[in-house]
Amino acid sequence: MKQDLIELTAKTYSEEDTLELAQKLGQLFVGDEVVLITGELGAGKTVFVKGLAAGLGVPDEGTVCSPSFTLMNVYQGRVPLYHIDLYRLEDPEEITDLGLEDYFGAGVIAIEWAERLPFEIKGTRIIRVSIQVGDGDNRTIKISGLESLPEIAENKKG
Ligand SMILES: Nc1ncnc2c1ncn2[C@@H]1O[C@H](COP(=O)(O)OP(=O)(O)OP(=O)(O)O)[C@@H](O)[C@H]1O
Ligand SMILES: [Mg+2]
């Protein structure tokens, strides 16, 4: 797979829509992707991770929830899913202690509140997801990253 950067914008109108979109994305993953998710409180970042989990074959993806006492939850699908939420990150050392670099390439890493990362992550396997809240249940979701993404956009049109 080539790794040109592409960008797509999708609109979702319900939690189920967002789950479905993220599930399609998760299905394309090979297991070394880093997903940086941004969006205000209640935008749907955790919903998006649930969808990714479904796409990765995590059984009972409904149990996916933001890690509250630790920074990271791990779910086992066809590849591991490392779910990190930086909302409560107070000290940058907490993320250093996590040893994030050990997880690169070892599974899919999904990070909520990615803008709070105290350092920049670079690489070709990075996918940025920004969720913007619109009226009611409307969300505008921008996904940028791997070349295979347009498949999702085409599916969304149907
Ligand atoms: N189109 C939509 N996509 C996703 N969630 C939606 C949508 N419409 C409504 N919702 C609702 O918005 C809420 C999103 O909650 P979620 O926990 O995923 O947000 P979050 O961005 O993870 O918040 P936090 O910053 O607290 O972690 C859920 O209650 C969900 O049902
Ligand atoms: Mg969340």
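Numbering starts at 1 and runs along the sequence shown. Note that ligands are numbered from 1 as they come in the structure, with each ligand's atoms numbered from 1 the same way. Please read all numbers here as calculations on a predicted model, not as lab measurements.
The distance criterion of under 3.5 Å between nitrogen or oxygen atoms is met by Thr46 with respect to ligand 1. Of the polar atoms of Lys45, at least one N or O is found under 3.5 Å from an N or O of ligand 1, judged by distance alone. Polar contact with ligand 1: present for Gly42 (N/O pair, distance under 3.5 Å). For ligand 1, the polar-atom distance check finds an N/O of Ser14 within less than 3.5 Å of one of the ligand's N/O atoms.
Take the Mg ion (ligand 2) and draw a sphere of radius 2.8 Å; the protein N/O/S atoms inside it number 2.
Every residue meeting the ring-ring contact (aromatic ring centres under 6.0 Å, His included) condition with Tyr87, not counting sequence neighbours, appears here in chain and number order: Trp113. Under the salt bridge (charged side-chain N to carboxylate O under 4.0 Å, His left out) criterion, Asp137 pairs with no residue at all, not counting sequence neighbours.
Within a 6.0 Å sphere centred on CZ of Arg116, heavy atoms belonging to other residues, nucleotides or ligands number more than 12. In this structure, Gln132 places its CD atom where only 12 or fewer heavy-atom neighbours from other residues, nucleotides or ligands lie under 6.0 Å away. Around CD of Glu90, the count of heavy atoms belonging to other residues, nucleotides or ligands within 6.0 Å does not exceed 12.
The ligand atoms of ligand 1 that sit less than 4.0 angstrom from a heavy atom of Glu40 are 21 (O). For ligand 1, the atoms lying closer than 4.0 Å to a non-hydrogen atom of Glu112 are 22 (O), 27 (O).
Side-chain contact between Leu100 and Leu117: present, with at least one pair of heavy atoms (C-beta onward) separated by less than 4.5 Å.
Annotation: atom 26 (O) of ligand 1 to nearest protein heavy atom, Leu41 CD2, 3.3 Å. Scanning all protein heavy atoms for the shortest distance to atom 16 (P) of ligand 1 gives Gly44 CA, 3.9 Å. Among all protein heavy atoms, the one lying closest to atom 18 (O) of ligand 1 is Val47 N, 2.9 Å. Closest to atom 1 (N) of ligand 1, if we only count protein heavy atoms, is Asp137 O, 2.8 Å. The shortest contact between atom 10 (N) of ligand 1 and any protein heavy atom is with Arg139 NH2, 3.4 Å. Here the protein heavy atom with the shortest distance to atom 4 (C) of ligand 1 is Thr18 OG1, 3.4 Å. Shortest contact from atom 29 (O) of ligand 1 to any protein heavy atom: Glu15 OE1, 4.5 Å.
Panel note: side chain Asn73, backbone Tyr82; no donor-acceptor pair is recorded below 3.5 Å. Glu94 contributes no side-chain N or O that, together with a main-chain N or O of Pro92, makes up a donor-acceptor pair within less than 3.5 Å.
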Please lay out, stage by stage, how Ser66 and Thr46 fare under the test side chain to side chain donor-acceptor pair (under 3.5 Å). CA-CA 7 Å; Ser66 276; Thr46 301; 3.1 Å; yes

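The part of Trp113 lying near ligand 1 is the side chain, judged by heavy-atom distances below 4.0 Å.
Through chains of ILVMFWY side-chain contacts below 4.5 Å, Leu19 is grouped with Val47.
Between the CG atom in Leu71 and the CG atom in Asp85 there is a gap of 8.5 Å [rounded to 0.5 Å].
Assignment of Thr12 to the shell around ligand 1 is supported, since a heavy atom sits closer than 4.0 Å.
Linking Ile, Leu, Val, Met, Phe, Trp and Tyr residues whenever their side-chain heavy atoms come within less than 4.5 Å places Phe104 and Ile111 in a single cluster. Transitive grouping of hydrophobic side chains (ILVMFWY, heavy atoms separated by less than 4.5 Å) keeps Ile37 and Val133 in distinct clusters.
Test Asn138, Thr18, Asp17 against Thr12 for side-chain hydrogen bond (donor to acceptor under 3.5 Å, both in side chains) and you get one pass: Thr18.
Closer than 4.0 Å to atom 12 (O) of ligand 1 lies at least one heavy atom of the protein.
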